[in-house]
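For reference, the structure discussed in these notes is given below.
All residue numbers refer to positions in the sequence shown, counting from 1.
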Amino acid sequence: MNKHYDVLIVGAGASGIGVGILMKQMGCDSFCLIDRGEIGATFRKWPKEMRFITPSFPSQGFGQTDLNAVVPKTSPGYTLNEEHPTGEDYAEYLELLVNHYELPVRTGVEVKEVRKLDRQFFKVNTAQETITSWFVVWAAGEYQYPDLGVFPGAELCIHNSQIHSFEKMKEDDYLVIGGYESGLDAVYQLNKIQKKSRLIAKTPTWKIDSSDPSVILSPYTFSRMKEAIPEGRIKVYEQQIVNSVRKEKAHYYVNTLEGHQFISHTPPILATGFKGSTSIISNLFEFGEHGKPLVNDKDESTKCEGLFLCGPELRHDSHVFCYIYKFRQRFPVLAKEIGSRLNLNLEILDLYRKENFYLDDLSECGERCEC
């Protein structure tokens with residue numbers, strides 16, 4: 001028998017739970033969150049050593065909400081006693097929120113297809129059943145969808161998201177492709193366990209003059225690298241654009257547009273980003289020149305009415321909402337739109353605006369984010 005909801009939220013991570021709490025607070029009594037894994041599954045898949053680069057700190061009493069919180073009046077820093085939580089830590093915070101707000105979450109439900117029928121309701125086919133709903137909020141994220149097509153031979157590499165723990169890396173020398181946070185974190189973690197590494201960076205993010213942490217290295221990463229580089233185990237090759245990787249016998253050959261070749265005895269570590277979960281339902285979105293889904297000013301698909309996008313794939317022109325403190329400010333925008341169409345109680349949105357959780361005027365966003 002098919003299940004029907006007014007609102008179906010796909011993804012029980014930071015963005016899905018954040019929107020789910022708003023649905024509950026607005027009095028929606030017919031909604032559900034589904035996830036193919038556990039609550040916070042993406043964060044549980046982080047390498048054991050990886051930590052948040054955005055600091056968590058309980059300062060709500062002074063009008064400054066924890067940067068990693070997904071709902072006002074909560075703080076991962078306070079709850080977890082960690083300034084830079086691990087992925088497992090953060091998943092615990094999300095699970096506490098689900099329990100506290102009694103959210104209707106169903107795990108182990110994998111979406112296979114989403115269709116819009118007769119311009120009215122959605123039909124969501126999963127591995128287990130068919131679900132219908134008036135609205136779909138796509139909050140499945142991107143971390144579990146690595147981009148292995150960035151250049152020929154990328155599939156020969158190991159994506160940084162596929163590393164369970166750097167402590168289990170047994171070889172003595174590694175090649176890392178990518179000069180943003182993930183690439184720098186990889187060479188830092190390898191250095192900690194006395195491993196040599198070579199970093200190939202298209203962009204020297206540590207030299208860019210900007211105040212946006214999505215463009216430059218975060219202070220957290222910069223300070224760690226400042227300590228690690230002098231130890232001599234990390235070599236950095238700047239402004240090198242990798243255009244192919246090939247394997248011959250036991251060696252991997254990494255070639256760049258600049259004519260350099262790097263040889264590795266181990267699969268190169270790929271830290272060049274993700275294709276994102278919207279690739280599953282690309283037929284329901286138009287895509288812009290930046291390659292990201294196009295949405296209107298309510299974060300609703302420009303192609304499919306009733307389908308909303310939230311999380312790190314969200315983009316408005318040059319503004320990318322790639323960190324929790326960025327994309328959480330759009331939860332109330334789409335919640336207000338859905339709530340208005342369902343005649344829900346919108347009073348809770350006043351609290352979100354008061355707590356600086358509400359960004360509906362993008363002209364106030366002055367920095368460009370390129371993560």
Side-chain angles (χ1 to χ4, degrees), residues 11-22 24-25 33 35 37-103 105 107 139 141 143-144 160-161 163-168 181-182 184-186 188-193 213-214 217-228 311-312 321-329 331 351-352 354-357:
S15 52
I17 290 171
V19 172
I21 291 171
L22 264 169
K24 189 70 176 285
Q25 292 172 323
L33 292 87
D35 198 294
E38 306 172 80
I39 294 169
T42 287
F43 298 100
R44 298 182 195 276
K45 289 182 179 293
W46 280 16
K48 186 179 71 173
E49 300 84 4
M50 185 181 288
R51 291 179 172 270
F52 272 69
I53 60 173
T54 44
S56 280
F57 199 83
S59 53
Q60 300 91 306
F62 294 88
Q64 300 295 325
T65 305
D66 191 316
L67 289 177
N68 298 315
V70 296
V71 61
K73 306 300 183 184
T74 72
S75 167
Y78 175 78
T79 300
L80 303 170
N81 248 354
E82 289 283 354
E83 184 175 352
H84 294 277
T86 65
E88 283 288 347
D89 289 336
Y90 197 75
E92 179 184 342
Y93 160 72
L94 294 178
E95 197 156 8
L96 287 170
L97 291 178
V98 168
N99 294 333
H100 177 75
Y101 287 96
E102 299 180 337
L103 297 184
V105 177
T107 57
Y143 186 83
Q144 297 188 53
N160 69 289
S161 65
I163 297 174
H164 178 68
S165 173
F166 285 96
E167 290 181 351
K168 296 183 178 180
E181 292 289 344
S182 297
L184 272 293
D185 185 67
Y188 172 78
Q189 300 298 347
L190 290 168
N191 182 71
K192 278 184 65 178
I193 56 174
S214 298
L217 288 186
S218 66
Y220 179 64
T221 300
F222 191 89
S223 63
R224 290 184 299 159
M225 291 302 298
K226 189 176 181 180
E227 295 176 2
F321 296 83
C322 52
Y323 285 126
I324 288 172
Y325 73 87
K326 292 184 177 183
F327 65 67
R328 72 182 183 191
Q329 295 191 83
F331 297 166
L351 171 65
Y352 277 72
K354 179 181 178 182
E355 296 289 329
N356 295 318
F357 253 71

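Between I21 and L103, the closest side-chain pair of non-hydrogen atoms falls below 4.5 Å. Residues I163 and Q189 have side chains not in contact (no heavy-atom distance under 4.5 Å, counting atoms from C-beta outward). Under the 4.5 Å side-chain criterion, counting only non-hydrogen atoms from C-beta, Y101 is in contact with V71. When side chains are defined from C-beta on, Y93 does not count as touching N68, because their heavy atoms never get closer than 4.5 Å. The closest side-chain heavy-atom distance from T86 to M50 is not below 4.5 Å. Residues V70 and Y325 fail the side-chain proximity criterion, which asks for heavy atoms closer than 4.5 Å. Contact check for K48 versus H164: no side-chain heavy atoms found under the 4.5 Å cut-off. Within the 4.5 Å cutoff, the side chain of Q25 has heavy atoms near those of the Y352 side chain.
Checked against the 6.0 Å centroid criterion, the rings of F331 and F357 do not qualify as a close aromatic pair.
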inquiry  = Working note: S182 + D185, criterion side chain to side chain donor-acceptor pair (under 3.5 Å); need CA distance, chi angles, decisive distance, verdict.
reply    = CA-CA 5 Å; S182 297; D185 185 67; over 6 Å; no
request  = Any chance you could lay out the side-chain contact (heavy atoms from CB on, under 4.5 Å) test for L94 and F43, step after step, and finish with the verdict?
outcome  = CA-CA 10 Å; L94 294 178; F43 298 100; 3.8 Å; yes
request  = Carefully, step by step, assess T79 and T74 under the rule side-chain contact (heavy atoms from CB on, under 4.5 Å).
outcome  = CA-CA 8 Å; T79 300; T74 72; 5.9 Å; no
request  = Apply ring-ring contact (aromatic ring centres under 6.0 Å, His included) to F321 and F327, showing your working.
outcome  = CA-CA 5 Å; F321 296 83; F327 65 67; 8.7 Å; no
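At a cut-off of 3.5 Å, with distance as the only test, no side-chain donor of S161 or Q144 sits close to an acceptor on the other residue. Side-chain contact annotation: S56 with E82, donor-acceptor N/O pair under 3.5 Å absent. Side-chain atoms of T107 and D35 form no donor-acceptor pair, as typed in the model, at a separation below 3.5 Å.
No side-chain donor-acceptor contact under 3.5 Å links E95 to the backbone of G40.
By the ring pair (Phe, Tyr, Trp, His ring centres under 6.0 Å) test, Y220 is found to be paired with H84, residues two or more places apart in sequence or in another chain being considered. Judged as a side-chain hydrogen bond (donor to acceptor under 3.5 Å, both in side chains), and not counting sequence neighbours, Q329 has no contacts.
The list of salt bridge (Lys or Arg N to Asp or Glu O under 4.0 Å) pairs with a residue in residues 62-81, not counting sequence neighbours, reads K73-E355.
Distance check, rounded to the nearest 0.5 Å: CG of L97 to CD1 of I17 gives 6.5 Å. Distance OH/Y188 to OG1/T221: 9.5 Å, rounded to 0.5 Å.
Here the closest non-hydrogen pair linking L33 and G11 is CD2-O, 4.0 Å. Contact detail for P76 and Y90: the closest heavy-atom pair is CG-CE1, 3.8 Å. Here the closest non-hydrogen pair linking T65 and R328 is O-NH2, 3.8 Å. Shown here for I39 and V105, the closest heavy-atom pair between the two residues is CG1-CG1, 4.1 Å. Closest approach of S59 and Q64 over heavy atoms only: OG-O, 2.5 Å. Shortest non-hydrogen contact noted between S15 and A139 is OG-CB, 3.4 Å.
Applying the 6.0 Å contact sphere to OH of Y143 captures more than 12 heavy atoms from other residues, nucleotides or ligands.
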